[in-house]
Structures are given as structure tokens and as C-alpha cells.
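Residue numbering restarts at 1 for every chain, and letters A, B, ... go by the order of the sequence lines.
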2 protein chains.
Amino acid sequence: MIIMLSTKEKIFNSSIDLFSKYGYDGVSIRQIAEEVGIKESSIYNHYKSKESILDAILEFYINEMTNDEIPLSKAEENLDVDFDYFYNAGLELYMSKLKSPNMMKITRLILIESYHNEKICRFLKNEMIETPVNGWCQLFELMKAKKLIKEDCDSKQLAESFYYYGFFLIYQHFMIDYPEDDEEFLKKLGEKSKNQIRLIYNSVKAV
Amino acid sequence: MIIMLSTKEKIFNSSIDLFSKYGYDGVSIRQIAEEVGIKESSIYNHYKSKESILDAILEFYINEMTNDEIPLSKAEENLDVDFDYFYNAGLELYMSKLKSPNMMKITRLILIESYHNEKICRFLKNEMIETPVNGWCQLFELMKAKKLIKEDCDSKQLAESFYYYGFFLIYQHFMIDYPEDDEEFLKKLGEKSKNQIRLIYNSVKAV
DNA sequence: GTCTATACTTGGATAGAC
DNA sequence: GTCTATCCAAGTATAGAC
């Protein structure tokens with residue numbers, strides 16, 4: 001199947017590719033135009049400025065990422081049946097969102113640009129750190145209520161111990177090892193996260 | 001005590017300050033000159049190019065950070081006397097290196113610039129990730145040999161579980177919460193790391 | 001919608017007077 | 001060692017012909 005992309009879509013995709021490689025400031029309108037195969041002035045027929053391209057990219061990413069969260073009610077039903085169920089479902093959902101090439105590239109772009117783009121920084125802080133940590137925190141609370149883990153342990157600390165480790169793996173892949181194979185990374189992320197959750201669980205499980 | 005800084009030192013310090021705030025590309029020679037209180041052409045009497053300023057900053061940081069590593073022999077002596085001893089000594093040393101304002105600022109600069117500066121990326125990968133992880137790995141091996149932790153646990157995994165968590169806290173401080181109070185951060189880093197090491201130890205301690 | 005041509009700005013760097 | 005003056009390159013963006 002051959003998909004014809006509109007010029008606007010080509011600009012969008014090429015910008016994602018270049019921004020994620022060289023950063024926003026590291027890419028010129030001229031470069032994007034060249035990549036697309038048009039002159040730079042033609043870009044302005046589709047986007048009103050360089051910044052508006054970035055905005056469109058971010059909007060796309062945010063929309064993709066903030067859909068269909070996992071309802072906690074579902075966890076409650078399944079937790080005592082099988083802890084792995086909930087854990088795997090969450091990981092799968094997250095990874096399914098991430099695994100398209102564009103989403104992977106934008107993830108790197110977000111990590112690169114967060115230091116001087118307030119909007120990106122806020123998204124990173126809220127949606128990629130605080131919200132997931134709170135989700136894990138609630139899950140540990142639930143486990144506590146179900147007497148799966150000790151009563152006196154700190155859910156917030158457990159959530160951070162788990163999630164920060166995973167976040168580091170993402171950081172490492174996109175900022176240190178980039179551009180290593182994405183597929184292999186996602187596989188490793190799954191395995192390593194599983195080990196980490198086991199380590200933590202082993203430390204606090206009810207006897 | 002009043003310390004008179006040479007123009008070269010002023011350029012050095014102002015560059016660290018500006019680069020760490022806005023990134024290398026985000027700062028112009030003109031800005032640095034203005035901050036110092038001279039004209040931009042005068043900069044070139046002290047540094048041959050903008051890039052050579054960055055190089056000087058990195059060299060300074062790398063020299064400060066790669067001195068006096070903790071010898072493992074010292075750990076071996078003290079480990080069964082008091083595990084906390086070794087842990088605290090390591091953390092103290094690390095934090096004492098980091099706590100000058102310039103060192104803190106350069107840390108942020110390194111995190112910001114790693115994605116498109118190969119030299120910085122290599123330093124980050126080797127000296128700020130691999131070397132410390134290997135150090136912790138050896139420590140866990142030692143603990144295993146001393147039967148403090150279970151024989152069948154994976155030292156590398158434990159080292160990563162511990163260190164990646166700490167690295168995230170650093171990343172968070174410098175890239176998300178910046179510029180929050182550095183002193184308070186270092187205190188929090190110490191406490192949280194201690195909790196993390198306890199959590200891990202609790203999971204694998206010999207019975 | 002794309003092109004050519006061009007305006008305008010900013011940034012790195014150098015020459016030469018003092 | 002600092003200044004003024006200037007050069008050159010590169011970047012964003014616009015006007016107007018086709």
C-alpha cells in the first residue's frame with residue numbers, strides 16, 4: 001500500500017525527524033525544506049512559523065499519550081487474582097503508545113528541549129513523572145489494603161523507587177545510547193522493569 | 001575578603017552561569033561580554049573561540065570530578081564493621097565535589113548539552129553512569145562474599161537499581177525543578193538515597 | 001502552492017587604533 | 001588588553017510572479 005503524504009504531513013514528519021536528532025535550535029527552516037524537497041518559503045504556506053511546527057508536534061504527542069489511562073477499578077478487581085496482570089497491562093499500554101517511530105522521536109525531542117521550553121517542561125513533569133508516580137502510589141496503597149505488602153511501608157517511596165528506575169532507562173536510551181534499536185530497548189525496558197518490581201516487592205511483601 | 005577576578009576568570013564564571021541557564025547555543029558571545037562588562041571583541045584576547053570557553057569549563061569539571069576515587073580496599077576493611085560507613089563516605093565525597101555553585105551549574109550544563117556534544121555525552125556515560133555503577137556493583141559483590149546479602153542475587157542489577165534511582169533525582173533537580181535550592185536538594189538526595197539502599201538491602205539480605 | 005528574490009536580524013570572528 | 005568598526009555566514013520571514 002502506497003500512502004501519499006500531503007506536503008504538510010511531509011513537513012510534520014521531517015521536522016520530527018530533524019528536531020529529534022539535532023534539537024529545535026539545531027534545525028533550520030532551510031533544512032526542513034530541503035528534506036521535504038521544497039523551498040523554505042513554501043513552508044510558510046502550511047505553518048505560520050517554525051515554532052508553530054513544534055507546537056503541532058507537541059500537541060500530537062500529548063493527545064496520543066493522555067488518552068485511555070488505566071482505570072484503577074480494573075486493578076482492584078484483578079490484583080489478588082494476579083499482580084502481574086495489572087503490571088503487564090500498564091506496561092503494554094505505555095509501550096504500545098510509544099512504539100511508533102514518530103512517538104519515539106518526539107520522546108527524545110521532549111527530553112532534549114525540556115530545559116528551555118516551559119510547555120515541554122510542564123508536560124514532562126506532570127504527565128511523564130507526577131501522574132505515573134501517583135498511579136503507582138495508588139496501586140501500592142491498594143496492595144497494602146489487600147495485605148499483599150506490609151502495612152508500615154511508604155507507598156510513595158515504593159512508587160518512586162520503581163518509576164524513577166524506569167524513567168532512567170528511558171532517559172538512557174534516548175539521551176545516551178541513542179539511536180540504538182528501539183525495539184530491543186522496549187524489550188529490555190519490560191524485562192528490567194519486571195526485575196525492579198520484583199526486587200521492591202520482595203522487600204516489602206507481607207509475611 | 002575581597003577576591004579580584006581576572007577578566008579571564010570573569011568570562012569563565014559568566015559563561016558557566018549563562019550556559020547552564022540557557023544552553024550553549026542559547027548564549028551569544030555578546031551576552032557573555034555584556035555580563036562581564038567588556039566588548040565582545042575583547043573576549044577573543046582570552047579565549048580563541050566560543051567553543052574553547054566550553055572546553056575550558058568541561059576540563060575544569062572533569063578534573064574536579066575524577067580525582068580521589070574511593071578505594072575499594074577501604075570498603076573491605078569497614079564493610080562488616082558498619083555498612084553505613086562506606087555508603088556515607090561515598091555519598092559525602094560525591095556531594096562535596098558537587099556542592100560549589102560552579103560545579104552545580106556545570107552539572108546542569110552537561111545534562112543539557114549531552115545530546116549533541118559527543119565529548120560531553122561520553123563523559124556522562126562513562127564517568128557519571130558506568131563507573132559509579134561498576135563501583136556499586138563491586139560493593140555488592142563484596143557484600144555477597146561477606147555473606148551480608150544472598151548468594152543468588154545479581155550484583156549488577158542491585159547496583160543499577162540503586163544508582164539509577166539516584167541519577168534520576170539529580171536529573172529531576174537540574175532539569176525539572178531547576179533552579180530550586182541546591183542545598184536542600186543535596187540533603188534530600190542523601191536521605192532518599194539512604195531509603196533506597198535500605199529498601200534494596202532489605203530485599204536481598206542474608207537470613 | 002511553489003517559486004525567486006530579498007529584507008532583516010543575529011551571531012561568531014577579525015583588523016587595527018589607542 | 002580594550003575599544004570601534006566591520007565582515008561574513010546563517011537564520012526567520014515576507015512580497016510578488018507564475
_For B/L199, is there any backbone N or O sitting under 3.5 Å from a side-chain donor or acceptor partner on A/S203?_
yes

*Side chains of A/S193 and A/Q196: is there a donor and an acceptor less than 3.5 Å apart?*
no

*Nearest-Å distance, CD1 (B/I32) to P (C/dA13)?*
10 Å

_Per-nucleotide protein contact string for nucleotides 12-18 of chain D (B base, S sugar-phosphate only, - none; heavy atom under 4.0 Å)_ = BBBB---

*Mind checking side chain to side chain contact (heavy atoms under 4.5 Å, CB included) for B/Q31 and listing every partner two or more places apart, or none if nothing turns up?*
B/L18, B/Y22, B/V27, B/S28

Show every donor-acceptor pair shorter than 3.5 Å between a side-chain atom in residues 167-184 of chain B and any protein atom, with sequence neighbours excluded, or say none if there are none.
unit_1	atom_1	unit_2	atom_2	d
B/H173	NE2	B/D182	OD1	2.8
B/D181	OD2	B/E184	N	2.8

*Side chains of B/Y61 and B/T107: donor-acceptor distance under 3.5 Å anywhere?*
yes

_Does the Lys NZ or Arg CZ of A/K192 fall within the cation-pi geometry relative to A/Y165 - under 6.0 Å from the ring centre and within 45° of the axis?_
no

_A/E34 CD to D/dG11 P, straight-line distance once rounded to whole Å_ = 11 Å

*Whole Å only: how far is the NZ atom of B/K39 from the C1' atom of D/dG1?*
15 Å

*Starting at CD1 of B/I43 and ending at C1' of C/dT14, how long is that distance when rounded to a whole Å?*
15 Å

